[in-house]
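Notes follow the structure.
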Amino acid sequence: MAMEHWDTKLVTIEDEAGFAAAARALYEGQVVGMPTETVYGLGCNAKDPKAVAKVFEAKGRPSDNPLIVHVASKDTIPTLVEEITPVAKVLIDAFMPGPITVIMKKAPVIPDCVSAGLDTVGIRFPIHPVAQKLIEASGVPVAAPSANLSGSPSPTRAEHVMKDMMGRIPYVVEGGECQVGLESTVVDATGNWPQILRPGAITIEQMEEALKNAGIEKPETIRALEQKAGEAPRAPGMKYRHYAPSCEVKILGSGDFDNYEEYYKEAVEREILDEKTPVGLFVGTRIAHEVKTLFADQLDHILFYEYGDDFDVEQAAHHLFDGLRELDEKKATILFAPAFPEEGLGIAYMNRLKKAASENRPTAEPAPSKRRVLFVCSGNTCRSPLAEAILRALWKEGEPHTMLGRPDVKAELEVTSAGVTASEDREYTRFSVEIAEYEYDQDISNEWSTPVTEYRLDDQDLILCVTSDHSHYLRTKYPRSCEKVFSFQEILEDNFIEGISGEVLDPYGGDYITYQKTASQIEAILRAVLPEILKKWEFVSANNDG
Ligand code: TXA
Ligand code: MG
């Protein structure tokens with residue numbers, strides 16, 4: 001059946017007739033774009049399965065995801081759910097109306113297509129006055145997902161909804177910019193303690209506080225689990241399909257704002273050099289100003305979306321989706337946004353941003369036939385330059401490299417090095433340069449030391465450290481890249497290779513022989529692990545004598 005075509009109308013609450021028509025359309029089983037304080041929703045009568053089917057059709061996604069049911073008063077809630085647990089009651093009392101969705105056991109009036117077959121339903125009472133009036137006027141509970149087309153970021157302005165839903169639905173109700181800008185916190189309250197399924201503006205700390213005030217104690221089993229998990233990552237691997245603009249999204253920094261000017265500067269410089277322009281920057285006012293000053297003659301290549309105060313996570317969250325959309329529409333090739341500390345609203349902000357950054361990676365990344373390896377030591381003048389030269393030499397020995405099963409596709413490797421305490425542009429030590437030249441036929445005399453930066457790590461496929469102290473340090477300081485970081489020792493152990501010591505001591509201050517010993521150790525390590533690494537990447541060496 002073909003989808004109905006509508007002459008989509010944008011109505012305001014001041015337009016009484018238009019607003020009433022939108023409310024009536026909801027009641028009669030049509031789909032209406034609705035503002036809320038989080039993001040715009042695509043609303044329909046929650047009790048009407050045919051209306052629910054139209055929502056999925058309009059969004060362009062299959063009906064495998066449960067919809068949230070929106071109400072305009074707390075009195076409606078008991079008619080929609082089977083049970084309100086003590087935890088659910090506290091959350092409803094404390095945070096509704098507001099940016100929270102509380103999951104409870106559903107009552108039979110909620111059709112299976114709303115709950116996607118689950119026996120629970122998420123209930124949300126938005127605080128946005130226009131949402132409340134619309135739901136009230138419709139006289140029905142309103143099931144609504146976010147009003148974006150499947151694949152684009154959630155809409156935070158009526159014009160986003162108009163753009164995505166034009167012709168697909170009869171009405172969009174204007175409600176201004178969404179105040180929060182990120183979707184509601186989704187919390188399962190069917191048990192004796194809340195479980196967050198999607199982070200949002202209402203945080204777990206706020207919930208714990210409300211529960212404590214209501215005399216509800218954290219269960220012993222949860223306490224024990226928390227202790228065991230320690231500082232485990234907070235947002236579990238949830239399955240989202242939204243939030244993703246089509247250009248590549250990269251996260252800058254690690255939330256401390258220590259070197260953000262540097263990160264932005266480095267990022268812009270590099271992308272302009274690589275001719276990946278225009279470069280899109282989602283950025284605070286102050287850093288935007290600095291970038292504009294620094295790159296005064298390159299402003300044609302940079303697109304700015306300024307979210308407000310650099311350190312204000314509320315403003316960044318409020319503008320995130322709008323920023324992603326705008327920079328994407330202006331055809332940024334690559335887009336940078338800052339990391340915020342993962343606490344409070346920062347958890348939800350980072351959750352959405354990471355999603356945007358990972359979602360489009362597969363299409364944005366170059367073919368998997370090119371890989372980057374970074375060697376890391378302390379000063380980046382002795383050990384890591386040697387490793388760099390040696391790996392290049394070993395790669396050359398094995399040439400040509402192709403992709404597994406695709407002998408026509410050439411495999412490429414880029415090898416560089418950096419140091420955790422390195423300063424910019426110091427010369428590599430003389431013996432490292434000489435050994436590279438005499439023993440490995442590699443010229444590294446024109447390379448200089450560089451410090452490790454978060455952004456640099458982001459670009460790598462594999463980060464190899466000369467000692468386990470270095471790998472521990474990198475994983476702690478740059479958690480985002482931790483899965484790519486190994487020490488020589490760790491990668492030997494992971495591949496069950498014995499008989500070689502993976503910890504490479506600093507030869508600095510030693511003589512040629514000392515450096516030669518260091519080089520032999522690194523060579524032995526790399527010869528042992530390289531075949532394993534190539535196998536993992538599905539690289540095949542033509543000259544494979546191992
Ligand atoms: O802020 C919001 O929540 C917005 C506005 C429009 O209210 N709505 C929204 O809906 O973000 P949607 O469909 O894009 O996301 C709903 C999320 C999904 O991740 C879904 O899996 C989860 O809530 N959810 C809904 N009902 C659930 C249930 N019964 N059990 C588990 N998860 C549920
Ligand atoms: Mg959504």
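Positions are given from 1 along the sequence. Below, all heavy atoms of this structure are taken into account, side chains as well, without hydrogens, waters or symmetry copies. Just so you know, ligand 1 is whichever comes first in the structure, and atom 1 is the first atom listed for that ligand.
A salt bridge links K163 with E329: the closest approach of a Lys/Arg side-chain nitrogen to an acidic carboxylate oxygen falls below 4.0 angstrom. The pair R157-D322 meets the salt-bridge criterion, with a side-chain N (NZ, NE, NH1 or NH2) lying under 4.0 Å from an Asp/Glu carboxylate O.
Annotation: S184 places an N or O atom under 3.5 Å from an N or O atom of ligand 1; distance criterion only. For the pair S146 and ligand 1, the shortest N or O to N or O distance falls below 3.5 Å. In terms of N/O distances under 3.5 Å, ligand 1 is not approached by Y40.
Using a 4.5 Å cut-off on side-chain heavy atoms (C-beta onward), V32 and I169 make no contact.
Here is the list of ligand 1 atoms found below 4.0 Å of a heavy atom in E183: 1 (O), 2 (C), 11 (O). When each atom of ligand 1 is checked for a heavy atom of V186 under 4.0 Å away, the hits are 23 (O). Residue H70 approaches ligand 1 through these ligand atoms, each under 4.0 Å from one of its heavy atoms: 5 (C), 6 (C), 7 (O). Taking a cut-off of under 4.0 Å to the non-hydrogen atoms of G41, the atoms of ligand 1 that pass are 6 (C). Under a 4.0 Å criterion applied to the non-hydrogen atoms of L118, ligand 1 contributes the atoms 28 (C), 29 (N), 30 (N). Contact atoms of ligand 1 toward T120: 28 (C), 29 (N), 30 (N) (distance under 4.0 Å to a heavy atom of the residue). Shown in contact with P145 at under 4.0 Å from a heavy atom are these atoms of ligand 1, numbered in order with element: 10 (O), 12 (P), 13 (O). Residue P66 has at least one heavy-atom neighbour below 4.0 Å for each of these atoms of ligand 1: 20 (C), 21 (O), 24 (N), 25 (C), 26 (N), 27 (C), 28 (C), 33 (C).
The side chain of L197, and not its backbone, has at least one atom closer than 4.0 Å to an atom of ligand 1 (non-hydrogen atoms only; side chain from C-beta on). Counting heavy atoms closer than 4.0 Å to ligand 1, residue R124 contributes side-chain atoms (C-beta onward) but none from N, CA, C or O. Counting heavy atoms under 4.0 Å from ligand 1, residue N65 touches it through the side chain alone.
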Worked verdict on R475 versus E490 for salt bridge (Lys or Arg N to Asp or Glu O under 4.0 Å): CA-CA 13 Å; R475 284 193 287 259; E490 288 157 356; 2.7 Å; yes
Criterion salt bridge (Lys or Arg N to Asp or Glu O under 4.0 Å) on D458 and K484, from CA distance to verdict: CA-CA 9 Å; D458 281 346; K484 300 183 287 189; 5.1 Å; no
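Between H319 and Y305, the distance separating the two ring centers is shorter than 6.0 angstrom. Remark: aromatic rings of Y307 and F282 are close, center separation under 6.0 Å.
Within the 3.5 Å criterion, the main-chain N or O of N148 finds a donor-acceptor partner in the side chain of K59. Distance alone, capped at 3.5 Å, places no donor-acceptor pair between the D119 side chain and the K105 backbone.
Under 2.8 Å from the Mg ion (ligand 2) lies an N/O/S atom of S146, whether from backbone or side chain.
Comparing T36, I103, T101, V55 by heavy-atom distance to atom 28 (C) of ligand 1, the nearest is I103.
Ligand 1 lies out of reach of M34, whose nearest heavy atom is not under 4.0 Å from it.
Aromatic ring pairs are classed by plane angle as parallel below 30°, tilted from 30° to 60° and perpendicular above 60°; the pair Y264 and Y260 is tilted.
Side-chain contact annotation: Q315 with D312, donor-acceptor N/O pair under 3.5 Å present.
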